[in-house]
Amino acid sequence: MPKVLVTGGLGFIGSNFVRRALSARPSWTIVDLDKRTYAGNPANVADLPRSRHRWIKGDICDPKTVDKAMRGCELVVHFAAETHVDRSIHDASAFLRTNVVGTQVLLDAALRLGVRRFLHVSTDEVYGSVPKGFSREGDRLEPNSPYAASKAASDLLVRSYFVTHKAPVLTTRASNNYGPYQYPEKALPLMITNFMEDKPFPMYGDGRQVRDWLHAADHARAILTVLEKGALGEVYNIGGSYTCQNRELIERVLKLMGKPRSLVVPVEDRKGHDRRYALDCGKLLKLGFKHEYDFDKGLRETIAWYRDNERWWRPLKKAGGYRSYYKTQYKGRRPQGVV
Ligand code: NAD
Ligand code: TYD
């Protein structure tokens, strides 16, 4: 019975991974170390069998808690992080603490406890904006937001533990994820849930930024592939199955939901807003990975999920913290022109 430590398994991608892994690997039991920040939600894993999934409430920056959670685990999949770019622009401190120091605490524990494989989950944002072509794993890291800089720092730390300590590490860098259980501050769930309430969606700048969309279930399958077949010390890009400008994404969602364009309000751009992300995934495909989701199917299913699960997202949007955060994001930005 392999015992696996997942960090951040109450979050969006972590909970999708835990769900997938429990069904795809029937012999696994999962210990889920999660601090339950505003983004961590026990409801995301409430349906999972307690006999195979145990949540420990704790901080990855605390060595004692980490040791307790990691003891006896063969494998570690590390998702826990502060993840929202806009929040990192307002205040980067939690990003540096969790994303950098937290990763260092986990790496030290993994060395001490003799973990067999440690997979660090990272992002395409570490490459910065790529005007043309596709980022490859050996490219220079040029992060532009404090969030991306904190993830790049954690990637370099992971690399250093491989070179210095021969730590059994792997790193994955994924593109923009979408799917069920995504906290409604990120672009797609914010758009879907605002449109459901006939509220405007704030489109940053000219809306011509390009993002690559990866379904969280495909991300989970790709992580399993890299965890089991990847070469230690290596980095693997995990791209999605569809790339488009934000404007096109908004148009698609409006059309699928039967909503008017007047719900889209252009606002002042995000500071340092990356224009384009694009990943070369040749290295991952060589491990035998294939996407299951095409974007059209994934987007329809995601919209349907938010329609069917109002009881999941409405309380999140009603919470005081969310409302004051959203005010700074939307009401604090001046509307600019028309779509
Ligand atoms: P999320 O914000 O939805 O969830 C993060 C989880 O980490 C939450 O459950 C939170 O409670 C937990 N957490 C935060 N700080 C913690 C701490 N100090 N100790 C323990 N737990 C803590 O994030 P997500 O979107 O699911 O992202 C998961 C990982 O994937 C992150 O490492 C992120 O950088 C990476 N990633 C995300 C995307 C994306 O599109 N969302 C794309 C590529 C990579
Ligand atoms: P986001 O989901 O924050 O992911 P990331 O910044 O990591 O790519 O945003 C996706 C895109 O949508 C990004 O180009 C910023 C844009 N965006 C908006 O236009 N309006 C919004 O309210 C948000 C949250 C994002």
Side-chain angles (χ1 to χ4, degrees), residues 6-17 32-42 44-45 55-62 65-66 69 77-89 94-95 97-99 101-103 105-106 120-126 129 144-145 147-148 150-151 154-155 172-179 181-191 194 200-214 216 219 223 237-240 245-247 249-250 264-270 272-277 279 326 329-330 333:
V6 168
T7 69
L10 298 193
F12 162 48
I13 306 172
S15 63
N16 274 283
F17 174 80
D32 187 345
L33 177 61
D34 195 300
K35 185 178 171 185
R36 192 184 180 180
T37 65
Y38 75 95
N41 188 349
N44 297 1
V45 292
W55 167 38
I56 297 180
K57 186 171 190 290
D59 191 333
I60 57 165
C61 300
D62 174 18
T65 308
V66 166
V77 187
H78 170 36
F79 294 93
E82 290 292 335
T83 61
H84 192 41
V85 173
D86 292 316
R87 287 183 189 257
S88 79
I89 295 168
F95 288 74
R97 184 180 176 276
T98 289
N99 300 1
V101 176
T103 301
V105 169
L106 287 163
H120 169 62
V121 178
S122 191
T123 169
D124 59 1
E125 304 197 24
V126 298
S129 200
N144 293 319
S145 70
Y147 161 65
S150 69
K151 293 297 290 188
S154 65
D155 289 17
T172 54
R173 295 188 182 133
S175 57
N176 281 64
N177 278 226
Y178 71 102
Y181 301 103
Q182 188 169 28
Y183 189 81
E185 67 183 351
K186 301 278 164 65
L188 195 53
L190 179 67
M191 199 183 300
N194 276 14
F201 171 74
M203 183 182 80
Y204 297 168
D206 64 4
R208 300 212 178 276
Q209 303 80 14
V210 174
R211 294 292 184 268
D212 171 44
W213 294 95
L214 168 69
H219 190 183
I223 285 174
N237 286 342
I238 306 179
Q245 293 187 348
N246 291 341
R247 275 174 176 264
L249 176 69
I250 294 167
V264 183
V265 179
V267 295
E268 276 181 286
D269 208 350
R270 171 188 278 172
H273 198 171
D274 282 336
R275 210 59 190 161
R276 177 174 177 268
Y277 300 132
L279 290 175
Y326 189 66
Q329 287 315 302
Y330 177 56
R333 289 171 195 261

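Nothing fancy with the numbering, it's 1 onward along the sequence. Remember, it's 1-based here, ligands and their atoms both numbered in the order they're listed. None of these values were measured; they are calculated from a predicted model.
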Please confirm whether G58 approaches ligand 1 to less than 4.0 Å, judged on its heavy atoms. yes
Counting heavy atoms only, which of N99, L10, I13 comes nearest to atom 24 (P) of ligand 1? I13
Quick one: look at Y147 and ligand 1, take heavy-atom pairs under 4.0 Å, and tell me if it's side chain, backbone, both or neither. side chain
Taking the six-membered ring for Trp, are F17 and F79 parallel (under 30°), tilted (30 to 60°) or perpendicular (over 60°)? tilted
Counting only heavy atoms closer than 4.0 Å, does ligand 1 sit against the backbone of V121, its side chain, both, or neither? both
Considering only heavy atoms, does H78 approach ligand 1 within less than 4.0 Å through its side chain, its backbone, both, or neither? neither
Run down the list G40, A81, G240 and name the one with the heavy atom closest to atom 5 (C) of ligand 1. A81
Suppose we screen for salt bridge (Lys or Arg N to Asp or Glu O under 4.0 Å). Which residues come up paired with R36, at least two apart in sequence or across chains? none
Would you call H273 a ligand 2 contact, heavy-atom distance under 4.0 Å? yes
Please classify the S122 to ligand 1 contact at 4.0 Å (heavy-atom distances, strictly less than): side chain, backbone, both or neither. backbone
Under 3.5 Å between some N or O of ligand 1 and some N or O of A80? no
With nothing but distance in play, are any N or O atoms of G11 less than 3.5 Å from an N or O of ligand 1? yes
Top protein contact for atom 3 (O) of ligand 1, by heavy-atom distance: F12 N, 3.1 Å
With a cutoff of 4.0 Å, is F79 in contact with ligand 1, counting heavy atoms of the residue only? yes
Min N/O separation N41 to ligand 1 under 3.5 Å: no
Applying a heavy-atom cut-off of 4.0 Å, say which part of T123 lies close to ligand 2: side chain, backbone, both or neither. neither
Under-4.0 Å heavy-atom contact with ligand 2, by part of D274 that carries it: neither
Part of S175 within contact of ligand 1 (heavy atoms, under 4.0 Å): backbone
Kindly write out the residues that satisfy side chain to side chain contact (heavy atoms under 4.5 Å, CB included) with T123, not counting sequence neighbours, or none if the list is empty. E125, V126, Y147, K151
To which of D34, I238, N176, V126 does the heavy atom nearest atom 11 (O) of ligand 1 belong? D34
What protein heavy atom is closest to atom 1 (P) of ligand 1, reported as residue, atom name and distance in Å? T83 OG1, 3.8 Å
